[in-house]
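Only one structure is covered here, and it is reproduced in the block below.
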Amino acid sequence: MTTPYSFAHNAYAGDLQQTWDHLIDGEESGVTVNVAGRVMLLRTQGKLAFATMRDSTGEIQLFALAALTEGFDEFVKLHLGDWVGVAGEIVRTKRGELSVKVASWKTLAVAQHNFGDKWAGIADFDLRYRHREADLWANEKSRTTLARRSDVVRAVRERCWAANFMEVETPILNPIATGASARPFTTFHNALDSEFYLRIAPELWLKRLVVGGFERVFELGRVFRNEGVSPRHNPEFTMLELYAAYWDFEDMMTFTEELIAGVAVDVLGSTETTYQGRSLSFSTPWPRRPMAELASEAVGEEVSVHTPRSRLAELLVERDVEVHDSWGAGRCLAELFEASAESSLWEPIFVTEHPVEVSPLARRHRRDPDLTERFESYAVGRELSNGFSELNDPVDQRSRFEEQARLAAAGDDEAMRIDEDYVRALEWGLPPTAGLGVGIDRLVMLMTDESNIREVIAFPTLKPLRG
RNA sequence: GCGCCGGUAGCUCAAUUGGCAGAGCAUUUGACUCUUAAUCAACAGGUUCCGGGUUCAAGUCCCGGCCGGCGCACCA
């Protein structure tokens with residue numbers, strides 16, 4: 001069957017529903033439109049036929065009559081899922097349904113596969129994720145979730161632009177994987193005869209752009225981490241990273257809470273929402289609490305990065321956390337926070353002052369050199385963002401990398417490698433700068449009330465079928 | 001990677017202690033000039049995820065594999 005190469009489309013279902021809201025039952029408008037979309041339902045009744053057609057804006061009924069519609073006999077043989085282009089008059093039927101009274105029509109594409117359950121849609125996760133096009137066709141919730149993801153990304157971008165941040169792009173193929181603690185994916189470039197890693201974070205490149213003189217930059221892009229999948233982890237995910245010269249971590253916390261609360265207003269119309277049946281408020285300001293304080297409250301005794309490591313290790317063992325020999329007091333404190341306090345942080349909060357040991361790229365705290373000027377925001381018990389005053393001392397940075405290299409040599413395959421290029425970049429002078437990273441997928445989960453990250457990703461990573 | 005649960009017609013789901021594998025929708029055919037998940041009638045539709053095993057008999061029980069959901073671990 002040869003189908004048309006184009007269609008002179010000039011009206012959308014959603015607009016028509018609004019424009020012709022005033023038509024009374026049985027009234028004809030005298031106005032002819034060309035609409036197009038997918039046949040969702042078909043009801044034939046002898047010499048009449050009614051189809052529900054959907055386009056990207058909504059649904060409208062097609063009303064065909066044997067006496068008036070060209071090719072009526074073919075029209076009633078349309079299949080659910082077929083795409084049609086229709087020309088006809090806007091009318092409201094006697095029973096009150098706004099309709100396009102079909103004068104002429106064309107099949108624009110046929111649906112060779114079909115699903116029958118107009119009520120339950122498609123429920124099988126495997127089918128929904130492997131054939132998202134069918135899922136989107138069948139399930140309203142999937143369409144609204146992915147559309148809202150687009151709204152979130154747009155709002156993030158517009159707010160960054162409005163704050164004079166310049167959008168940039170940095171390499172995804174990298175000779176070393178750095179900027180975060182994670183196992184990378186490896187690949188190989190034939191002509192260069194070199195192994196590359198897919199980026200786990202764009203962080204170091206972005207700071208090099210600040211060194212170069214771009215004072216406010218952001219990147220909204222995909223990063224890749226070779227780790228397990230779960231309802232909250234996809235191997236590739238989207239991160240916002242943003243750097244502002246002359247700011248410190250306090251400034252960046254203020255920007256962060258205003259950004260996220262602002263996105264909520266842009267997308268949801270309010271800072272107030274519910275997540276998985278529980279209320280959630282993004283209204284600012286968010287509390288700012290040092291990690292050691294939160295850990296102390298959770299374990300019922302005063303702990304800090306200065307608490308003897310042996311005591312911290314005891315508290316971890318009490319919580320069934322396996323303590324590695326390579327962990328110092330700083331790592332132990334961070335682990336203790338995660339094991340004791342993290343999951344209870346429902347409303348947005350900034351956890352601050354992470355130990356140097358777990359923050360190899362963050363600047364030392366101005367009041368305690370064993371801590372850093374770092375923050376992570378949490379909501380619904382999960383990390384939402386991460387940021388800090390950036391370490392801009394090349395000597396300190398080199399020693400931090402060397403410490404990471406020692407951990408790597410001791411078997412920590414997530415420890416960072418020494419990035420000589422980056423240390424050299426710092427030698428050119430990084431002004432005081434604060435940075436921020438936000439997991440966009442998880443932010444979208446909060447804004448769509450989804451508990452599974454796969455729902456907010458159009459094509460989540462799946463295991464290829466075999467066998 | 002480990003643990004628990006799941007996979008039956010194109011889709012959504014049934015199938016009793018192991019006893020002839022079913023329904024609704026979709027498809028096909030017919031009826032019907034205002035339907036709304038239209039309705040009515042009829043036909044057709046199966047490697048019960050794959051491979052073994054136990055049994056007179058397996059969708060059901062056992063072993064292995066594949067894929068998915070959830071939890072743990074890792075992280076964002």
Side-chain angles (χ1 to χ4, degrees), chain A residues 25-26 39-52 59-69 72 76-81 91-99 101 111-131 134-135 137-139 179-183 200-201 222-241 320-322 334-335 338-339 342 358 376-379 382-387 412-414 437-445 451-455 460 462-467:
Chain A
D25 294 358
V39 175
M40 300 306 295
L41 296 169
L42 186 63
R43 301 172 289 279
T44 66
Q45 182 156 345
K47 302 235 174 344
L48 298 182
F50 303 88
T52 302
E59 295 184 344
I60 192 163
Q61 180 168 268
L62 306 178
F63 177 27
L65 302 85
L68 189 117
T69 301
F72 179 83
V76 300
K77 292 178 186 165
L78 281 168
H79 289 132
L80 304 193
V91 302
R92 191 176 294 280
T93 60
K94 291 178 195 170
R95 295 293 174 87
E97 189 70 34
L98 189 72
S99 307
K101 193 159 74 175
Q112 295 184 40
H113 304 290
N114 204 351
F115 68 96
D117 205 295
K118 298 175 280 194
W119 189 245
I122 296 177
D124 182 73
F125 287 103
D126 209 25
L127 178 61
R128 288 186 53 227
Y129 296 145
R130 286 187 199 280
H131 285 285
D135 175 45
W137 159 16
N139 296 323
S181 298
R183 278 187 289 270
I200 56 175
R222 207 71 60 85
V223 297
F224 307 84
R225 299 189 183 178
N226 204 341
E227 292 159 352
V229 299
S230 84
R232 286 163 295 284
H233 301 81
N234 198 63
E236 52 179 300
F237 62 99
T238 300
M239 195 151 77
L240 168 71
E241 279 208 17
D320 296 324
V321 177
E322 188 186 344
E335 295 284 341
E338 287 177 23
E342 175 179 321
V358 295
E376 289 178 301
S377 70
Y378 284 83
R382 305 201 286 255
E383 188 181 341
L384 184 59
S385 71
N386 179 28
D412 183 347
D413 52 9
E414 292 180 355
V438 181
I440 294 298
D441 310 82
R442 289 187 175 177
L443 179 61
V444 174
M445 289 168 72
S451 60
N452 187 333
I453 197 169
R454 292 178 168 196
E455 295 292 345
L462 296 174
K463 195 163 182 173
L465 295 174
R466 58 179 167 229

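In what follows, every chain begins at residue 1, and chains take the letters A, B, ... in the order their sequences are listed.
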Taking only the [atom1] atom of each, what is the distance from [N] to [M] in whole angstrom?
N      : M      : atom1 : answer
A21(B) : A73(B) : P     : 46 Å
A26(B) : C11(B) : C1'   : 7 Å
C20(B) : A15(B) : P     : 14 Å
G22(B) : G45(B) : P     : 12 Å
A57(B) : C40(B) : C1'   : 41 Å
G19(B) : C62(B) : P     : 15 Å
C13(B) : G69(B) : P     : 15 Å
A42(B) : G6(B)  : C1'   : 36 Å

Looking only at side-chain N and O atoms, does [X] come under 4.0 Å of OP1 or OP2 in [N]?
X         : N      : value
Arg128(A) : G69(B) : no
Lys118(A) : A38(B) : yes
Lys463(A) : C67(B) : yes
Arg43(A)  : C34(B) : no

Taking [Y]'s backbone N and O only, do any of them form a donor-acceptor pair with [X]'s side chain (distance below 3.5 Å, no angle check)?
X         : Y         : answer
Ser230(A) : Arg232(A) : yes
Arg183(A) : Glu227(A) : no
Asn234(A) : Arg454(A) : no
Ser377(A) : Ser385(A) : yes
Asn386(A) : Glu376(A) : no

Nearest-Å distance, [atom1] ([X]) to [atom2] ([N])?
X         : N      : atom1 : atom2 : value
Ile122(A) : G7(B)  : CD1   : C1'   : 16 Å
Phe125(A) : C49(B) : CZ    : C1'   : 18 Å
Glu227(A) : A73(B) : CD    : P     : 14 Å
Tyr129(A) : C70(B) : OH    : P     : 7 Å
Glu455(A) : G68(B) : CD    : C1'   : 13 Å
Lys77(A)  : G30(B) : NZ    : C1'   : 13 Å
His131(A) : C11(B) : NE2   : C1'   : 14 Å
Ile200(A) : C74(B) : CD1   : P     : 17 Å

For [N], what is the paired nucleotide under Watson-Crick or G-U wobble rules, both distances under 3.5 Å?
N      : value
G64(B) : C50(B)
G59(B) : none
G45(B) : none
C32(B) : none
A23(B) : U12(B)
C72(B) : G1(B)

Using a 4.0 Å heavy-atom cut-off across all strands, classify [X] as base, sugar-phosphate, or nothing.
X         : result
Phe63(A)  : base
Asp441(A) : nothing
Gln45(A)  : base
Thr52(A)  : nothing
Phe237(A) : base
Asn452(A) : sugar-phosphate
Leu41(A)  : sugar-phosphate
Arg130(A) : sugar-phosphate
Ala182(A) : nothing
Gly46(A)  : base
Ser385(A) : nothing
Asn234(A) : base
Gly121(A) : sugar-phosphate

Which nucleotide wins on minimum distance to the side chain of [X], given the candidates [options]?
X         : options                : value
Arg454(A) : G68(B), U27(B), U33(B) : G68(B)
Lys47(A)  : U36(B), C72(B), U33(B) : U33(B)
Pro231(A) : C67(B), U12(B), G71(B) : G71(B)
Leu48(A)  : C34(B), G68(B), C72(B) : C34(B)

Quick one, His113(A) and His131(A) - any side-chain contact, counting heavy atoms below 4.5 Å?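 A side-chain contact is absent here, since even the closest heavy-atom pair is not under 4.5 Å.
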Going from CG on Leu384(A) to CE on Met445(A), what distance comes out if it is rounded to the nearest 0.5 angstrom?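 Output value for this atom pair is 11.0 Å.
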Both Arg183(A) and Gln61(A) contact RNA chain B. Which one's nearest nucleotide lies toward the 5' end?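 The residue closer to the strand's 5' end, by nearest nucleotide, is Gln61(A).
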RNA chain B: 5'-proximal contact among Leu65(A) and Leu78(A) (nearest heavy atom):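 The residue closer to the strand's 5' end, by nearest nucleotide, is Leu78(A).
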I would like to know whether Ile60(A) and Leu98(A) meet side-chain contact (heavy atoms from CB on, under 4.5 Å); could you show each step before the answer? CA-CA 7 Å; Ile60(A) 192 163; Leu98(A) 189 72; 4.1 Å; yes
Could you check whether the rings of Phe63(A) and Phe50(A) sit parallel, tilted or perpendicular, using 30° and 60° as the cut-offs?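 If you compare the ring of Phe63(A) with that of Phe50(A), the planes turn out parallel.
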